[in-house]
Amino acid sequence: MKKCFLAIFVLAAISATASLADAQEVSRFRNTYIVKKKNDPANNDSTGSGTMLGKNYMAALNPKPMEGFADWCRTNHVFDNLDAALTIGTGGFGFELATPVTQWTRVRAGVEWIPSFHLPLSFDISSFNNDGVSNDISHIQEMVYDMTGLEMDEEVKMTAQPKMLNFKFLVDVFPFQENRHWHFTAGFYVGSSVAGRAENKRSQMTTLVALNLYNRAYDYFMSVEDIYDVPLGGGNYLDPDQVLELQEKFKEYGRVGIHIGDFKDGKPYMMEPSKDGYVRAKAKTNIFKPYLGFGYSGALDDMKKWNVGVEAGLLFWGGAPQVILHDGVNMNKDLINVRGKVGDYLNFMKAVPVYPLVNFKISYSFF
């Protein structure tokens with residue numbers, strides 16, 4: 001019996017201790033989250049106990065962490081503003097978004113593109129033999145017409161089509177906190193490696209096909225060793241005297257092509273159409289292009305919602321663009337004395353290993 005009473009006593013003590021702890025927790029909860037309002041006629045709580053829920057309790061039921069984060073952003077000038085801007089300049093048309101990340105810096109991201117437009121180009125068709133290059137191809141034109149019925153022009157007309165599309169990510173630094181109009185910028189552009197293309201006009205297809213046919217006939221007759229074995233088809237053979245006559249003409253006239261320029265060893269480079277009858281070229285740059293620049297901006301209204309600015313800088317596109325022809329010849333590295341407007345464009349690109357960017361923009365601040 002003593003042991004039984006002793007066990008009952010221990011259980012009662014444990015229960016009392018637990019009840020006391022619960023009472024203390026409830027008291028702490030009431031002191032923290034419940035506000036007593038005794039004898040307050042304005043207290044209309046449904047419990048009738050003269051109490052009402054406190055602010056801490058309501059906050060616990062409805063936490064709003066984003067408000068705290070927003071307050072922190074406003075205090076530290078991080079993502080507390082968002083600007084959208086339209087740009088125009090040497091980089092083409094653009095759109096960008098900007099937001100501050102510290103009191104001193106801002107990040108921008110967007111795109112810039114140059115819409116397609118056409119630049120006319122033309123190259124003279126020339127002949128080439130041991131005597132050199134000749135621009136007089138009248139005798140070849142007559143020969144081609146007699147052989148094929150095709151008319152060959154004296155020049156090939158082409159169209160160049162510059163085209164640039166880049167994504168940009170930039171970081172602006174405001175060194176003068178008392179004058180936040182000025183900023184310096186560093187970042188990069190990422191886009192297609194092809195900055196432009198050139199191709200012959202469709203109207204030139206007849207001339208280019210005729211040019212290929214002539215050169216194929218030239219190669220064939222200049223390689224004939226047995227003048228008595230030149231088949232015409234159906235068991236017939238070309239008269240040996242005619243074979244000799246054609247060989248003499250081809251030797252005198254030479255091959256034909258487009259004299260773009262000269263190889264570095266002085267030998268003329270004669271561009272010939274591809275097998276499908278086209279002449280093509282493409283200008284290539286690096287895909288990743290670092291950028292450095294500076295800019296100035298100012299508000300248009302008192303609320304500073306609308307702003308205008310100008311920015312200038314250099315885009316490091318990996319040296320002068322490499323102009324690659326359809327036959328694999330690199331005009332920058334393999335050729336000298338490039339002729340016509342193409343030579344002027346090429347010399348300009350060689351003189352500008354970096355691309356100058358000057359942009360004007362108008363922006364709107366959302367908050």
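Since we're looking at a predicted model, the values are computed, not measured.
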Which heavy atom of Lys361 sits nearest a heavy atom of Ala85, and at what distance?
-> CD-CB, 4.3 Å
Would you indicate whether the side-chain heavy atoms of Arg255 and Met270 approach each other to under 4.5 Å?
-> no
Is there a side-chain contact between Leu244 and Gln247 (heavy atoms, below 4.5 Å)?
-> yes
Which atom names give the shortest non-hydrogen contact between Gly91 and Ile114, and what distance separates them?
-> O-CG1, 3.5 Å
Decide side chain to side chain contact (heavy atoms under 4.5 Å, CB included) for Leu314 and Leu357; before the verdict, give the C-alpha distance in whole Å, the side-chain angles of both, and the deciding distance to 0.1 Å.
-> CA-CA 6 Å; Leu314 296 175; Leu357 282 179; over 6 Å; no
Does the ring centre of Phe176 sit less than 6.0 Å away from the ring centre of Phe174?
-> no
What closest approach, in Å, do Pro162 and Phe117 show between heavy atoms, and which atom pair accounts for it?
-> CD-O, 3.4 Å
Phe263 atom CZ: more than 12 heavy-atom contacts under 6.0 Å | yes
CZ of Phe294: more than 12 outside heavy atoms within 6.0 angstrom?
-> no
Working to the nearest 0.5 Å, report the span between CG of Asn130 and NZ of Lys251.
-> 8.0 Å
Would you say the side chains of Gln322 and Asn330 form a donor-acceptor pair under 3.5 Å?
-> yes
Within a radius of less than 6.0 Å around CZ of Phe288, do more than 12 heavy atoms belonging to other residues, nucleotides or ligands occur?
-> yes
Polar side chain donor-acceptor pair, Asn307 to Ser297, under 3.5 angstrom | no
Neighbour count above 12 (heavy atom, 6.0 Å) for Tyr145 OH = no
Spacing of OG belonging to Ser122 relative to CE belonging to Met158, to within rounding of 0.5 Å | 10.5 Å
Are Val171 and Val101 linked, directly or through other ILVMFWY residues, by side chains that come within less than 4.5 angstrom of each other?
-> yes
Does one side chain, of Thr87 or Asn359, offer a donor that lies under 3.5 Å from an acceptor on the other?
-> no
Backbone N/O of Asn286 and side chain of Lys289: donor-acceptor pair under 3.5 Å | yes
Just by modelled atom types, is the Gly295 backbone N or O under 3.5 Å from a matching donor or acceptor in the Trp182 side chain?
-> no
Are Thr90 and Tyr355 close enough, and set up right, to give a side chain to side chain contact (heavy atoms under 4.5 Å, CB included), and what steps lead you there?
-> CA-CA 9 Å; Thr90 56; Tyr355 186 74; 4.0 Å; yes
For Tyr189 and Asn166 the tightest heavy-atom approach is CD2-CB, 3.7 Å
Non-hydrogen side-chain atoms of Tyr253 and Ser127 separated by less than 4.5 Å | no
State, yes or no, whether a side-chain contact exists between Lys305 and Leu300 at a heavy-atom distance under 4.5 Å.
-> no
For Arg339 and His259, indicate whether the former's side chain and the latter's backbone hold a donor-acceptor pair under 3.5 Å.
-> yes
Side-chain donor/acceptor of Asn129 to backbone N/O of Glu252, under 3.5 Å | yes
Honestly curious: do Met143 and Tyr220 fall in one hydrophobic cluster under the side-chain, below-4.5 Å linking rule?
-> yes
Student check: side-chain heavy atoms of Leu238 and Leu246 closer than 4.5 Å = yes
Pairwise distance CD1(Ile258) to OG(Ser126) - rounded to 0.5 angstrom = 9.0 Å
Are a donor atom and an acceptor atom from the side chains of Asn135 and Glu154 found within less than 3.5 Å of each other?
-> no
Is the number of heavy atoms from other residues, nucleotides or ligands within 6.0 Å of CZ (Arg108) greater than 12?
-> yes
Sub-4.5 Å side-chain heavy-atom contact between Ile324 and Val329 | no
Nearest 0.5 Å please: distance from the CG atom of Asn337 over to the OH atom of Tyr269.
-> 15.0 Å
To the nearest 0.5 Å, tell me how far Tyr237 OH sits from Asp229 CG.
-> 5.5 Å
Nearest heavy atoms of Ala320 and Asn332, plus distance in Å | CB-ND2, 4.2 Å
Take Ile260 and Val338 through the test side chain to side chain contact (heavy atoms under 4.5 Å, CB included) and record every step on the way to the result.
-> CA-CA 6 Å; Ile260 299 292; Val338 178; 4.2 Å; yes
Tyr291 with Val173, same ILVMFWY side-chain cluster at under 4.5 Å = no
Does one hydrophobic cluster hold both Phe169 and Leu292, with members joined at side-chain heavy-atom distances below 4.5 Å?
-> no
Check: Val279 main-chain N/O paired with Asn200 side-chain donor or acceptor under 3.5 Å = yes
Minimum heavy-atom separation for Gly254 to Tyr214, with atom names?
-> O-OH, 2.7 Å
Is the closest side-chain heavy-atom distance between Val256 and Tyr218 below 4.5 Å?
-> no
Output the distance between atom CE (Met164) and atom OG1 (Thr285), rounded to the nearest 0.5 Å.
-> 6.5 Å
Does Pro115 reach the side chain of Trp113, with side-chain heavy atoms less than 4.5 Å apart?
-> yes
Please find out if less than 6.0 Å separates the ring center of Tyr278 from that of His326.
-> no
Is it the case that one hydrophobic cluster holds both Tyr364 and Val308, taking links as side-chain heavy atoms less than 4.5 Å apart, direct or via other members?
-> yes
Any chance you could lay out the side chain to side chain contact (heavy atoms under 4.5 Å, CB included) test for Leu170 and Val107, step after step, and finish with the verdict?
-> CA-CA 6 Å; Leu170 307 173; Val107 296; over 6 Å; no
Asp83 and Ser363: CA distance, side-chain angles, deciding distance, side chain to side chain donor-acceptor pair (under 3.5 Å) verdict = CA-CA 6 Å; Asp83 290 349; Ser363 63; 4.8 Å; no
Side chain of Thr207, backbone of Asp153: donor and acceptor closer than 3.5 Å?
-> yes
